[in-house]
Amino acid sequence: MRKFWCLFFMFWPIAAIVYSAMSPAYGWWFPGDSVTELGQRIDNLFYLILIIITVVFIGTQMALGYALWKAAHNEDEKAHFSHGSHNLEVIWSVAPAVILLFLALYQMDVWRDFRVKAYFPEGTIETPIAEVTARQFEWRIRYPAPGKKLQPKPQPDDLYAVNELRAPIGRAVMIQLRSEDVQHAFFLPHLRIKQDAIPGQIIPIWFKAEKKGIYELLCAELCGWGHYKMRAQLTVEREVEFQDYLKKLQTDQNYDGFPTSDSVAKKEE
Amino acid sequence: MSTAEVALGHDHDHDHAHAPDAHGHGHHQLSFIQKYVFSEDHKMIGLQFLFTTLLMLFLGGGLALGVRWQVAFPWTDLPILGRILFPEAGGQMSPEFYTMLFTMHATVMIFLVIIPILAGAFGNFLIPLMVGADDMAFPKLNMMSYWFMWPAMLFFGLSFYHGGAAAGWTSYPLLSDLRQSAPYSGSAQTYWLLGVTFVGVSSMMGSVNYMTTIINMRAPGMTLFRMPLTIWSMFITAILQAFALPVLTAAGFMLVFDRLDFGGYFEGIHSTFFVPAGLVVNNAEPTVGGGQPLLWQHLFWFYSHPAVYIMLLPAMGMVSDVLSCMCRKPIFGYKPMVYSMSAIAGLGFIVWGHHMFTSGMNPALGMTFMVSTMMIALPSAVKVFNWIGTIWGGRVQFNTPMLNCVAFVSMFVVGGLSGIFMASVPTDIYFHDTYMIVAHFHYVIFGATLFGVFAGIHFWYPKMFGRMMNETVGKWHFFLTFIGFNGTFFPMHMLGIAGFPRRYADPYLHPYLEHLMPLNQFITYSAILMGFSQFLLLGNFFVSIFNGKKIGRNPWNANGLEWTAPSPPGHGNFDILPVVYRGPYEYSTPGQVDRDFLMQTDPPLRKTASTVAATPAVHH
Ligand code: HEM
Ligand SMILES: [Cu+2]
Ligand SMILES: [Cu+2]
């Protein structure tokens with residue numbers, strides 16, 4: 001039985017490693033590479049941490065298993081008598097401290113680039129492309145009319161959409177995040193972006209999507225029974241398509257019931 | 001302390017001088033009610049806590065299986081209970097019900113199982129026995145700390161009756177604050193807050209008692225650095241409770257005041273501590289106010305981060321004691337263990353912001369909290385290395401307590417390591433509120449703490465009831481729980497990496513999560529296995545009370561003071577008042593022939609060259 005238990009405790013970490021290693025192949029992994037450069041830096045940090053903790057994981061689990069094995073087969077009359085070792089304590093305090101401190105400092109710049117306003121890419125702060133307002137249980141989006149700047153207060157010519165945010169490809173853009181009722185969180189898994197929407201606060205988020213596509217936008221903070229169904233999407237498209245989309249929103253919104261040749265043509269597209 | 005020479009406790013003597021008159025003679029006349037119900041005996045109170053929390057463990061587990069069913073098989077009939085609970089829906093749960101389930105699962109597990117089983121059950125039972133006191137410093141207060149759990153349970157019950165709180169165990173405003181934001185939960189949220197407050201009152205009474213008892217009532221010779229690590233951990237936990245709880249209590253009342261109305265008799269209070277102005281919730285009138293929802297998060301986590309260590313430290317202490325005994329070897333690095341627990345406790349007060357990295361607080365705060373959080377992983381690492389060092393060179397006995405202890409260490413490593421992903425802000429942006437978090441805290445709270453509790457139950461059971469639990473059943477329980485546990489929670493890391501959000505009633509609405517359903521079903525099957533294995537524990541626990549093998553005072557050949565008392569100890573605990581001559585971990589001390597351990601009460605050995613060299617109870 002002693003052998004069995006030693007092997008048992010050594011077996012499970014091996015199973016865990018094997019399972020983790022095959023996970024990407026089964027799709028139990030990131031939903032694709034990040035669409036933003038900042039997201040790729042986050043992924044790189046993830047892999048750096050993953051390597052470090054995998055080494056530590058294997059090291060400690062195997063040390064544990066080995067110590068158990070030896071101790072289970074200890075044929076001496078008594079256990080080795082020791083109250084500890086000063087040198088070992090120093091080593092295993094300083095070594096992790098150095099690694100942890102390195103990690104903490106090493107990633108400061110990613111955080112800074114993501115959140116500190118002074119480091120937002122040029123032009124993003126002055127001209128936010130949209131205001132995103134979360135409410136139970138949908139996302140409302142407000143764009144400024146083409147050629148205008150987004151104002152903090154809604155304007156008569158603002159353009160509105162629900163659950164569909166669009167952004168141009170390859171340009172750093174900023175949105176303003178608000179909540180109309182309870183707390184929500186703006187989560188774009190493919191862009192590795194998450195930001196809570198705090199009632200009473202306006203929080204800027206910037207991103208620069210590098211790949212065309214339609215990406216899920218969901219809510220990551222419990223906001224009531226319908227939390228799971230705050231389904232929306234971010235469409236990343238070419239700059240011209242984005243501008244066309246805004247123009248189309250504008251014509252649709254100004255549509256007064258009488259079809260013009262222009263709007264009929266648009267509808268039929 | 002550098003020698004085992006007895007520094008006989010001077011001022012402690014007098015505590016014990018009148019102890020016997022106070023309690024020793026009284027126990028024959030105690031009525032049934034005084035003895036078993038409103039008992040002032042710390043052992044009975046500890047057992048009351050233990051029975052209550054074990055039953056609550058099953059309630060919490062049942063709620064968890066409900067959650068798991070919905071995540072794996074959304075909108076299908078809930079087996080067995082579905083037809084009874086939701087006859088109109090043909091047996092399937094609503095998203096409102098699901099939201100309530102995970103909220104109440106966490107609530108029951110944290111406030112009615114983990115916190116009270118550690119401090120309430122083990123703290124009560126073990127502290128006086130292990131420091132050599134006849135009871136707690138304030139027995140009446142102690143009794144009340146148990147009985148204040150009942151109003152708490154009553155309020156949680158009322159909360160269930162009103163549909164159950166459904167704002168998550170973290171209860172972030174405004175979901176928890178404005179009634180119209182979660183109309184289906186009605187008054188349940190208010191009752192929930194009152195329930196938490198009463199748990200707090202109970203814990204506070206406990207911690208005052210633990211601190212006082214440990215400081216004032218130690219047996220002669222029981223210096224601070226001769227205390228077992230269990231006692232150190234309980235002491236540090238009590239301090240944490242005492243400093244952190246008032247903040248939660250205040251915050252809880254603020255939220256109650258924000259919510260309170262008196263059922264139509266008059267307007268109510270409706271303060272706006274957490275409510276900013278101008279919000280339109282569920283088409284109600286815009287709110288008035290000037291409050292700040294983030295204030296709640298700061299106050300809540302200022303308590304709840306220390307609280308996660310309240311949920312861990314006592315288990316760390318108990319595992320240290322059990323591990324050392326089962327390895328027949330002194331704990332490796334006793335003082336570093338004490339210092340690292342103190343460091344965890346101290347640092348625990350300055351890391352709360354790591355739960356708020358994505359909240360939009362000042363980014364400079366995020367950086368600060370990241371550094372402090374990274375640093376708190378350090379003492380945890382030191383403890384792990386010391387446990388491995390304890391096993392190293394030991395003579396291990398693979399019994400149930402030992403197996404659970406090894407699982408504790410092994411699982412804690414995983415939970416600590418996944419914490420690093422979250423401690424680093426950039427990666428936490430992605431992982432926050434995904435299943436990565438769920439995996440992390442279950443590895444620490446279930447994987448570490450609960451396995452530690454299992455170890456503690458099997459280890460101290462003979463002292464509680466004078467009988468042993470069944471080893472075979474104990475091992476099967478361990479084996480199945482361990483497999484079920486890892487099958488349940490390890491894959492959750494992968495869900496987290498896949499960006500699977502927590503608290504979703506139907507995640508598969510989102511195309512990028514669709515393919516994760518089979519993995520979730522595997523998780524649910526594992527959870528069912530794990531859940532049902534707990535009946536082995538329950539059965540073993542209750543059957544052994546009557547049928548277990550009878551044993552004497554010290555079945556494990558352990559060396560703490562509790563093993564010098566009869567099993568189970570009578571009222572007043574010790575028939576021979578203990579005097580302490582050495583530290584708590586003298587296993588396999590050289591120079592001793594007949595046995596491999598020295599009890600704390602054994603007088604000093606005759607000095608031979610080898611004992612002199614070996615006795616320093618604690619290294620330098
Ligand atoms: C090794 C040190 C640890 C580190 C670095 C760490 C770090 C973290 C961080 C950063 C979070 C927040 C993640 C997020 O929500 O985005 C977190 C969550 C959590 N941690 Fe830890 N942790 C550690 C140990 C522990 C321990 C020992 C426990 C409990 C015994 C614990 C219990 C929890 C719980 C319950 C949560 C989630 C609370 C919630 O959102 O519901 N952690 N941890
Ligand atoms: Cu939500
Ligand atoms: Cu924390």
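Here is how names work: the chains are called A, B, and so on, in the same order as the sequence lines, proteins then strands, and each is numbered from 1. Values below: all heavy atoms of this structure, side chains included; hydrogens, waters and symmetry mates excluded.
Of the listed residues B:P293, B:G499, B:P507, B:C327, the one with more heavy-atom pairs under 4.5 angstrom with chain A than any other is B:P293. The most heavy-atom pairs under 4.5 Å with chain B, out of A:A197, A:S20, A:A16, come from A:A16.
Heavy atoms closer than 4.5 Å to chain B are found in the side chain of A:Y66, but not in its backbone. Contact annotation for B:Q397: neither backbone nor side-chain heavy atoms come within less than 4.5 Å of a heavy atom of chain A. With a 4.5 Å cut-off on non-hydrogen atoms, A:F114 touches chain B through its side chain but not through its backbone. Heavy-atom distances place no part of B:Y339 under 4.5 Å from chain A, backbone and side chain included. A:L88 touches chain B through its side chain: at least one heavy atom from C-beta onward sits under 4.5 Å away, while N, CA, C and O do not. Of the atoms belonging to B:Y184, it is side-chain heavy atoms, and not backbone ones, that fall under 4.5 Å from chain A. Looking at B:P286, there are no atoms closer than 4.5 Å to chain A (heavy atoms on both sides), in backbone or side chain. In this structure, chain A has no heavy atom under 4.5 Å from any part of B:M100. Using a 4.5 Å cut-off between heavy atoms, B:L495 does not touch chain A at all. For B:A167, the part lying under 4.5 angstrom from a heavy atom of chain A is the backbone only. Residue A:S23 touches chain B through its side chain alone, counting heavy-atom pairs closer than 4.5 Å. Of the two parts of B:Y508, neither the backbone nor the side chain holds a non-hydrogen atom closer than 4.5 Å to a non-hydrogen atom of chain A. Both the backbone and the side chain of B:A505 come within contact range of chain A, with heavy atoms under 4.5 Å apart. Contact annotation for B:N486: only side-chain heavy atoms (C-beta onward) come within less than 4.5 Å of a heavy atom of chain A. When heavy atoms are compared at a cutoff of 4.5 Å, B:V382 approaches chain A by way of both its backbone and its side chain. For chain B, the nearby part of A:I198 is the side chain; its heavy atoms alone come within less than 4.5 Å. Of the two parts of B:P379, neither the backbone nor the side chain holds a non-hydrogen atom closer than 4.5 Å to a non-hydrogen atom of chain A. Heavy atoms of B:I331 lying under 4.5 Å from chain A belong exclusively to its backbone. Using a 4.5 Å cut-off between heavy atoms, B:N386 touches chain A through backbone and side chain atoms alike.
The aromatic rings of B:Y430 and A:F30 are tilted relative to each other, their planes meeting at an angle between 30° and 60°. In this pair, B:F479 and A:F8 present their aromatic rings tilted. The plane angle is within the 30 to 60° band. Between B:F478 and A:F9, the two ring planes are tilted [angle within 30° to 60°].
Annotation: side chain of B:L174 is not in contact with side chain of A:Q183 (no heavy-atom distance under 4.5 Å). In this structure, the side chains of A:V182 and B:Y172 stay at 4.5 Å or more apart for every pair of heavy atoms. Contact annotation: the side chain of A:Y228 never approaches that of B:P501 to less than 4.5 Å [non-hydrogen atoms, C-beta and beyond]. Contact annotation: the side chain of A:K78 never approaches that of B:K329 to less than 4.5 Å [non-hydrogen atoms, C-beta and beyond]. For the pair A:H190 and B:Y512, the minimum side-chain heavy-atom distance is below 4.5 Å. The side-chain heavy atoms of B:L509 and A:E216, taken from C-beta on, include no pair separated by under 4.5 Å. Between B:M375 and A:L101 the shortest side-chain heavy-atom distance falls below 4.5 Å. Counting only heavy atoms from C-beta outward, the side chains of B:F357 and A:K194 never approach each other to under 4.5 Å.
The local environment of CZ in A:F4 is crowded, with over 12 non-hydrogen atoms from other residues, nucleotides or ligands closer than 6.0 Å. The 12-atom threshold is not exceeded at CZ of A:F11, counting heavy atoms of other residues, nucleotides or ligands nearer than 6.0 Å. Other residues, nucleotides and ligands contribute more than 12 heavy atoms inside 6.0 Å of the CG atom of A:N44.
The OG atom of B:S359 lies 8.0 Å from the CD atom of A:Q201; values are rounded to the nearest 0.5 Å. A:I203 contributes atom CD1, which lies 11.5 Å from atom CE of B:M361 (distance to the nearest 0.5 angstrom). Rounding to the nearest 0.5 angstrom, the gap separating the CG atom in A:L100 from the CG atom in B:L378 is 6.5 Å. Of the inter-residue distances, the one linking A:L222 atom CG with B:Y504 atom OH reads 10.0 Å to the nearest 0.5 angstrom. Atom CZ of B:F421 and atom CG of A:L103 lie 10.0 Å apart (nearest 0.5 Å). Between the CE atom in B:M367 and the CZ atom in A:R115 there is a gap of 11.0 Å [rounded to 0.5 Å].
In this structure, A:H83 contributes its side chain and B:F332 its backbone to no donor-acceptor pair below 3.5 Å. Checked by atom type and distance alone, the side chain of B:R395 never pairs as donor or acceptor with a backbone atom of A:A71 at under 3.5 Å. The main-chain N or O of B:P363 is found under 3.5 Å from a side-chain atom of A:W111 such that the two form a donor-acceptor pair.
In summary, the side chains of B:T358 and A:D196 do present a donor paired with an acceptor at a separation below 3.5 Å, with no hydrogens or angles considered. If you check the side chains of B:Q180 and A:D181, you find no donor sitting under 3.5 Å from an acceptor. With hydrogens and angles left out, the side-chain atoms of B:S424 and A:Q107 include a donor and acceptor closer than 3.5 Å. Remark: the B:H510 side chain and the A:Q233 side chain contain no N/O donor-acceptor pair separated by less than 3.5 Å. Between the side chains of A:W225 and B:S94, no donor-acceptor pair of N or O atoms lies under 3.5 Å. Looking at B:S181 and A:Q136, their side chains never bring a donor and an acceptor atom within 3.5 Å of each other.
For A:R2 and B:F398, the positive end is not near the middle of the six-membered ring at less than 6.0 Å and at most 45° from its axis.
When all heavy atoms are compared, the tightest approach of B:P276 to A:P199 is CG-O, 3.5 Å.
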